[in-house]
Participant: 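So that we are looking at the same thing, I have put the structure below in C-alpha coordinates.
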Amino acid sequence: KALISSGERAGLALCAVMFIYSVSEGDVPLGFLAMSFILFIFHKILEQLGEHNPRLHFLAGVLQGLYIAFFIGSILLIFI
(Lines give C-alpha, C1' and ligand atoms only; values in the text may rest on other atoms or scores of the structure.)
Protein backbone atom coordinates (compact mmCIF):
# COMPACT_ATOMS: atom_id res chain seq x y z
CA LYS A 1 0.00 0.00 0.00
CA ALA A 2 1.27 3.46 -0.90
CA LEU A 3 2.04 5.83 1.96
CA ILE A 4 0.37 8.77 0.22
CA SER A 5 -1.92 8.97 -2.78
CA SER A 6 -1.04 10.56 -6.10
CA GLY A 7 -3.25 13.54 -5.30
CA GLU A 8 -1.40 14.09 -2.06
CA ARG A 9 1.91 13.87 -3.92
CA ALA A 10 0.70 16.50 -6.37
CA GLY A 11 -0.45 18.70 -3.48
CA LEU A 12 2.91 18.25 -1.79
CA ALA A 13 4.73 19.35 -4.94
CA LEU A 14 2.44 22.37 -5.32
CA CYS A 15 2.95 23.35 -1.69
CA ALA A 16 6.71 23.04 -2.09
CA VAL A 17 6.56 25.48 -5.01
CA MET A 18 4.28 27.79 -2.99
CA PHE A 19 6.72 27.67 -0.07
CA ILE A 20 9.69 28.53 -2.29
CA TYR A 21 7.71 31.40 -3.80
CA SER A 22 6.69 32.70 -0.37
CA VAL A 23 10.30 32.65 0.82
CA SER A 24 11.52 34.49 -2.28
CA GLU A 25 8.76 37.13 -2.05
CA GLY A 26 8.64 37.43 1.74
CA ASP A 27 5.00 36.33 2.02
CA VAL A 28 4.95 34.90 5.56
CA PRO A 29 1.26 33.80 5.73
CA LEU A 30 1.57 31.86 2.48
CA GLY A 31 4.76 30.24 3.74
CA PHE A 32 3.03 29.20 6.96
CA LEU A 33 0.09 27.77 5.03
CA ALA A 34 2.31 25.82 2.63
CA MET A 35 4.46 24.53 5.49
CA SER A 36 1.31 23.49 7.34
CA PHE A 37 0.23 21.24 4.47
CA ILE A 38 3.75 19.84 4.01
CA LEU A 39 3.90 18.94 7.70
CA PHE A 40 0.41 17.42 7.46
CA ILE A 41 1.56 15.05 4.71
CA PHE A 42 4.71 14.11 6.62
CA HIS A 43 2.53 13.52 9.70
CA LYS A 44 0.42 11.04 7.72
CA ILE A 45 3.54 9.23 6.52
CA LEU A 46 5.06 9.00 10.01
CA GLU A 47 1.74 7.90 11.47
CA GLN A 48 1.61 4.96 9.06
CA LEU A 49 5.28 4.07 9.59
CA GLY A 50 5.03 4.49 13.36
CA GLU A 51 2.34 1.89 14.01
CA HIS A 52 4.95 -0.39 15.58
CA ASN A 53 7.66 2.16 16.40
CA PRO A 54 6.97 4.44 19.37
CA ARG A 55 9.62 6.99 18.33
CA LEU A 56 8.01 7.55 14.95
CA HIS A 57 4.61 7.69 16.60
CA PHE A 58 5.94 10.40 18.94
CA LEU A 59 7.35 12.37 15.98
CA ALA A 60 3.99 12.09 14.24
CA GLY A 61 2.38 13.70 17.28
CA VAL A 62 4.96 16.49 17.26
CA LEU A 63 4.29 17.12 13.57
CA GLN A 64 0.55 17.21 14.26
CA GLY A 65 1.05 19.99 16.78
CA LEU A 66 3.33 21.86 14.39
CA TYR A 67 1.00 21.72 11.40
CA ILE A 68 -1.94 22.89 13.50
CA ALA A 69 0.16 25.76 14.89
CA PHE A 70 1.36 26.75 11.41
CA PHE A 71 -2.19 26.71 10.06
CA ILE A 72 -3.57 28.84 12.89
CA GLY A 73 -0.57 31.14 12.56
CA SER A 74 -1.20 31.62 8.85
CA ILE A 75 -4.83 32.53 9.48
CA LEU A 76 -3.85 34.99 12.23
CA LEU A 77 -1.15 36.61 10.09
CA ILE A 78 -3.65 37.26 7.32
CA PHE A 79 -5.73 39.44 9.63
CA ILE A 80 -2.87 41.24 11.39
Participant: Treat each ILVMFWY residue as a node, draw an edge where side-chain heavy atoms are under 4.5 Å apart, and state whether L3 and L12 are in one component.
Facilitator: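 Yes, one cluster joins them.
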
Participant: For the atom pair CZ (F19) and CG (D27), what is the distance rounded to the nearest 0.5 Å?
Facilitator: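 The CG atom of D27 is 11.5 Å from CZ of F19, to the nearest 0.5 Å.
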
Participant: Can you see which heavy atom on M18 is nearest to which on A34, and at what distance?
Facilitator: CB-CB, 4.2 Å

Participant: Just one of F37, F40, F32 clears the ring-ring contact (aromatic ring centres under 6.0 Å, His included) bar with Y67, so which one?
Facilitator: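 Output: one option passes, namely F40.
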
Participant: For S74 versus P29, what's the shortest heavy-atom pair and its separation?
Facilitator: CB-O, 3.5 Å

Participant: Give, for atom SG of C15 and atom CG of L30, the distance between the pair rounded to the nearest 0.5 Å.
Facilitator: 8.5 Å

Participant: Could you see if L39 belongs to whatever hydrophobic cluster contains V28? Use Ile, Leu, Val, Met, Phe, Trp, Tyr and a side-chain cutoff under 4.5 Å.
Facilitator: yes

Participant: CD/E51 to NE2/H57 distance, rounded to the nearest 0.5 angstrom?
Facilitator: 10.0 Å

Participant: Evaluate the side-chain proximity of N53 to L49: yes if any heavy-atom separation is below 4.5 Å, no if none is.
Facilitator: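 No; the side chains remain at least 4.5 Å from each other.
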
Participant: Are F58 and L56 linked, directly or through intermediate hydrophobic residues, by side-chain heavy-atom contacts shorter than 4.5 Å (ILVMFWY only)?
Facilitator: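 Yes, it is one cluster - the side chains of L56 and F58 are joined through contacts under 4.5 Å.
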
Participant: Calculate, to the nearest 0.5 Å, the distance between atoms CG and CD1 belonging to L59 and I45 respectively.
Facilitator: 13.0 Å

Participant: Is there a path of hydrophobic side-chain contacts, each under 4.5 Å between heavy atoms, that joins V62 and I68?
Facilitator: yes

Participant: Of the non-hydrogen atoms in H43 and L63, which two are nearest, and what is the gap between them?
Facilitator: N-CD1, 3.9 Å

Participant: Under a 4.5 Å side-chain heavy-atom rule over Ile, Leu, Val, Met, Phe, Trp and Tyr, are L33 and V23 clustered together?
Facilitator: no

